Amino acid sequence: MVIARPTWTVSVRCTRRETKLLVTELGTDLLKARLCPHPRQPRALMTLCEGLALWHGSPLRVAVSAADNAMDCFERIFYDGDFVEPTSPLVLLEAHVRNGRRRCLDGLGDFRGMRLRLVRDDR
């Protein structure tokens with residue numbers, strides 16, 4: 001008999017000042033990170049999420065959202081001047097645009113706002 005592991009909830013929030021990452025399992029915080037808004041490598045976010053998926057032992061869905069004034073940061077994280085969306089068999093990135101549309105891309109501070117957004121998006 002195979003026992004199903006609880007799924008991790010992963011969310012990333014891009015602003016002009018920082019990129020926040022929150023990983024939870026059944027409502028318990030597992031990992032919080034506050035990173036610079038401009039990674040030095042184009043696949044940095046995807047590689048970080050792939051590492052989390054490997055640690056967890058199963059593919060992950062990652063919700064990524066950006067503040068209205070941080071779309072340039074968001075596009076740099078995803079595309080870094082390229083027109084090809086990042087893909088991975090371990091990670092499905094879901095981009096949440098502030099205007100309410102949802103796009104699927106293949107492939108340390110206050111985090112209360114991120115949790116509220118996740119609850120609202122799940123309804």
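Side chains are part of it too, since the values below use all heavy atoms of this structure and drop only hydrogens, waters and symmetry mates. Nothing here was measured: the structure is a model prediction, and the numbers come from that model.
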Query - Over all atoms of both residues, closest heavy-atom pair of Ala53 and Leu90 - result: CB-O, 3.6 Å

Query raised in the report: Hey, what do you get for CG (Leu21) to CZ (Arg13), rounding to the nearest 0.5 Å?
Result: 14.0 Å

Query raised in the report: Quick one: are Thr19 and Leu45 in side-chain contact, heavy atoms under 4.5 Å?
Result: no

Requested in this report: State which residues pass side chain to side chain contact (heavy atoms under 4.5 Å, CB included) with Ser58; sequence neighbours excluded, sorted by chain then number.
Outcome: His56

Query - Euclidean distance, Cys49 SG relative to Arg61 CZ, rounded to 0.5 Å - result: 13.5 Å

Requested in this report: Compare every heavy atom of Ser88 with every heavy atom of Glu50, then report the nearest pair and how far apart it is.
Outcome: OE2-OG, 2.7 Å

Query raised in the report: With a 4.5 Å heavy-atom cut-off, do Leu35 and Leu48 have their side chains touching?
Result: yes

Report summary line: Between Pro39 and Ala44 the two heavy atoms that sit nearest each other are CB-CB, 3.7 Å

Requested in this report: Pick out which of Leu60, Leu31, Leu26 makes a side-chain contact (heavy atoms from CB on, under 4.5 Å) with Trp8.
Outcome: Leu60

Report summary line: Quick note, ring pair (Phe, Tyr, Trp, His ring centres under 6.0 Å) partners involving residues 11-32, not counting sequence neighbours, are none

Report task. Please check if the side chain of Thr15 supplies one atom and the backbone of Glu18 the other of a donor-acceptor pair under 3.5 Å. Result -> yes

Report summary line: Rounded to the nearest 0.5 angstrom, the CZ-CZ distance for Arg34 and Arg17 is 10.5 Å

